[in-house]
Amino acid sequence: MEGGLSRKRGYTVLVVLLAAALLALFLWRSCHYERPTTETVSIDTTMLAELDNQGHTPTSPNLREQPEIQYASDRGSNSSPKLGEVAQRAGGVCQTRKTSRTIELNTADTAELQRLWGIGPVLSARIVRYRDLLGGFTRKEQLREVYGFGASVYDRIAPRVTVDTTRLQHLDINTATYGQLLRHPYLDKHQVAAIVRLREKQGAFQSLDDLHQIPIIEQETYTKITPYLSCNSQQKR
């Protein structure tokens with residue numbers, strides 16, 4: 001009889017403990033669970049409505065204003081000016097505000113070049129580097145020789161750039177070293193070696209036409225390289 005009474009009391013205590021535990025869990029969840037407020041629902045509804053309204057930027061006072069960023073792209077004239085232009089290369093690089101004024105390629109720095117459509121930090125640095133290797137641009141079409149410079153970008157910016165050929169840097173073919181000549185993008189090691197051998201064999205070049213004596217310097221190469229060469233040391237004698 002006493003054993004049955006003890007078991008009954010044990011069951012009662014267990015039920016009380018379980019009820020207390022469930023009550024404590026309910027109270028804890030009530031304290032830590034946040035119901036969506038009417039303000040939150042209002043913000044989301046306003047934002048969605050404004051995004052549907054012809055692509056306008058949301059104007060809810062609880063949303064932070066984001067600075068307008070322009071990108072470079074091939075969008076047509078009917079595209080929304082608020083969308084800007086898509087970055088031309090390198091993962092969508094953000095662009096600075098573009099300009100409609102003309103830029104001179106042989107004096108522009110990277111910051112100026114980035115004001116052209118489709119030109120970002122990476123491409124502007126490549127343009128300056130290639131310009132330094134050449135000794136300057138003789139014509140704007142040489143931009144197409146820059147690595148990563150797309151045809152669509154060139155077609156878009158060509159009317160916005162000019163070339164001042166008076167700023168070219170020349171190599172004196174009679175005094176330039178093998179390394180200096182080889183550094184130029186239009187000459188390979190075999191052509192440079194032939195120039196140096198001919199100079200050592202016959203003496204100083206009298207004119208740039210003497211390069212025609214070297215068979216591996218074809219007419220195309222001759223036309224491209226001669227604007228960057230001179231015989232100044234010979235002419236001064």
Side-chain angles (χ1 to χ4, degrees), residues 88-90 99 101-151 153-237:
Q88 180 266 341
R89 199 169 170 78
T99 181
R101 72 180 182 86
T102 301
I103 290 179
E104 202 285 303
L105 289 176
N106 284 332
T107 56
D109 57 19
T110 56
E112 289 180 287
L113 291 171
Q114 288 178 57
R115 298 183 70 84
L116 292 168
W117 183 94
I119 307 297
V122 174
L123 196 52
S124 64
R126 288 177 184 169
I127 293 171
V128 171
R129 171 63 176 165
Y130 190 64
R131 181 183 68 193
D132 292 343
L133 288 173
L134 286 172
F137 293 107
T138 60
R139 49 196 175 86
K140 65 180 70 176
E141 288 81 4
Q142 287 172 292
L143 286 172
R144 294 179 176 178
E145 300 170 10
V146 177
Y147 177 76
F149 204 105
V153 178
Y154 175 80
D155 293 341
R156 186 74 173 265
I157 72 168
R160 303 294 183 192
V161 297
T162 60
V163 173
D164 183 359
T165 57
T166 63
R167 296 183 176 276
L168 293 181
Q169 298 177 5
H170 296 88
L171 282 170
D172 190 326
I173 198 171
N174 288 322
T175 59
T177 65
Y178 176 91
Q180 289 173 326
L181 291 170
L182 185 59
R183 185 172 179 267
H184 200 282
Y186 291 161
L187 293 173
D188 61 34
K189 62 181 181 180
H190 302 294
Q191 293 167 333
V192 171
I195 291 173
V196 173
R197 283 198 302 268
L198 182 60
R199 185 174 67 189
E200 292 174 347
K201 179 180 179 180
Q202 71 172 21
F205 288 93
Q206 302 300 311
S207 74
L208 295 180
D209 288 340
D210 292 341
L211 290 174
H212 287 304
Q213 300 178 44
I214 303 175
I216 59 175
I217 297 182
E218 301 175 349
Q219 183 61 40
E220 181 181 357
T221 301
Y222 177 85
T223 302
K224 292 168 61 177
I225 190 61
T226 48
Y228 299 102
L229 301 178
S230 71
C231 296
N232 290 336
S233 59
Q234 180 65 21
Q235 294 170 358
K236 290 178 181 179
R237 295 182 180 180

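Computation of the quantities below employed the complete heavy-atom set of this structure, encompassing side-chain atoms and omitting hydrogens, waters and symmetry-equivalent molecules.
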[X] side-chain N/O to [Y] backbone N/O, donor-acceptor pair under 3.5 Å:
X      : Y      : answer
Arg131 : Leu105 : yes
Lys140 : Thr162 : no
Asn106 : Asp164 : yes
Arg126 : Val146 : no
Asn174 : Cys231 : no
Glu104 : Thr107 : yes
Glu112 : Asp109 : yes
Arg199 : Ile173 : yes

(message) Before you tell me yes or no, could you show the steps for Arg139 and Val163 under side chain to side chain contact (heavy atoms under 4.5 Å, CB included), namely the whole-Å CA-CA distance, both residues' side-chain angles and the distance that decides it to 0.1 Å?
(response) CA-CA 6 Å; Arg139 49 196 175 86; Val163 173; 5.5 Å; no
Output the distance between atom [atom1] ([X]) and atom [atom2] ([Y]), rounded to the nearest 0.5 Å.
X      : Y      : atom1 : atom2 : value
Ile119 : Phe149 : CD1   : CZ    : 4.0 Å
Glu218 : Lys224 : CD    : NZ    : 11.0 Å
Gln169 : His184 : CD    : NE2   : 10.0 Å
Leu229 : Tyr186 : CG    : OH    : 12.0 Å
Ser124 : Arg129 : OG    : CZ    : 14.5 Å
Ile217 : Thr221 : CD1   : OG1   : 7.5 Å

Please tell me if the side chains of [X] and [Y] come closer than 4.5 Å, counting only heavy atoms from C-beta onward.
X      : Y      : result
Lys189 : Tyr178 : yes
Phe205 : Leu211 : yes
Leu134 : Pro185 : yes
Ile103 : Ile157 : no
Leu198 : Gln213 : yes
Thr165 : Phe137 : no

(message) What I want to check is whether the side chains of Glu220 and Thr223 have a donor and an acceptor closer together than 3.5 Å.
(response) no
(message) Is the distance from the ring center of His170 to that of Tyr228 below 6.0 Å?
(response)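 Aromatic pair excluded; centres sit 6.0 Å or further apart.
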Residue pair [X] / [Y]: nearest heavy atoms and the distance that separates them:
X      : Y      : result
Leu187 : Leu181 : CD1-O, 3.8 Å
Val128 : Ala108 : CG2-O, 4.4 Å
Gln142 : Thr138 : OE1-N, 2.6 Å
Gly136 : Leu168 : C-CD2, 3.5 Å

(request) Begin with the C-alpha distance, continue with both residues' side-chain angles, and end with the deciding distance and a verdict on side chain to side chain contact (heavy atoms under 4.5 Å, CB included) for Arg160 and Leu116. (result) CA-CA 8 Å; Arg160 303 294 183 192; Leu116 292 168; 3.8 Å; yes
(request) Test Arg144 against Asp155 for salt bridge (Lys or Arg N to Asp or Glu O under 4.0 Å), laying out the working first. (result) CA-CA 10 Å; Arg144 294 179 176 178; Asp155 293 341; 3.7 Å; yes
(request) Please report the C-alpha distance between Ile127 and Leu143 in whole Å, then the side-chain angles of each, then the deciding distance to 0.1 Å, and finally whether the side chain to side chain contact (heavy atoms under 4.5 Å, CB included) criterion is met. (result) CA-CA 7 Å; Ile127 293 171; Leu143 286 172; 4.0 Å; yes
(message) Would Thr177 and Gln180 count as a side chain to side chain contact (heavy atoms under 4.5 Å, CB included) here? Give the steps.
(response) CA-CA 5 Å; Thr177 65; Gln180 289 173 326; 3.2 Å; yes
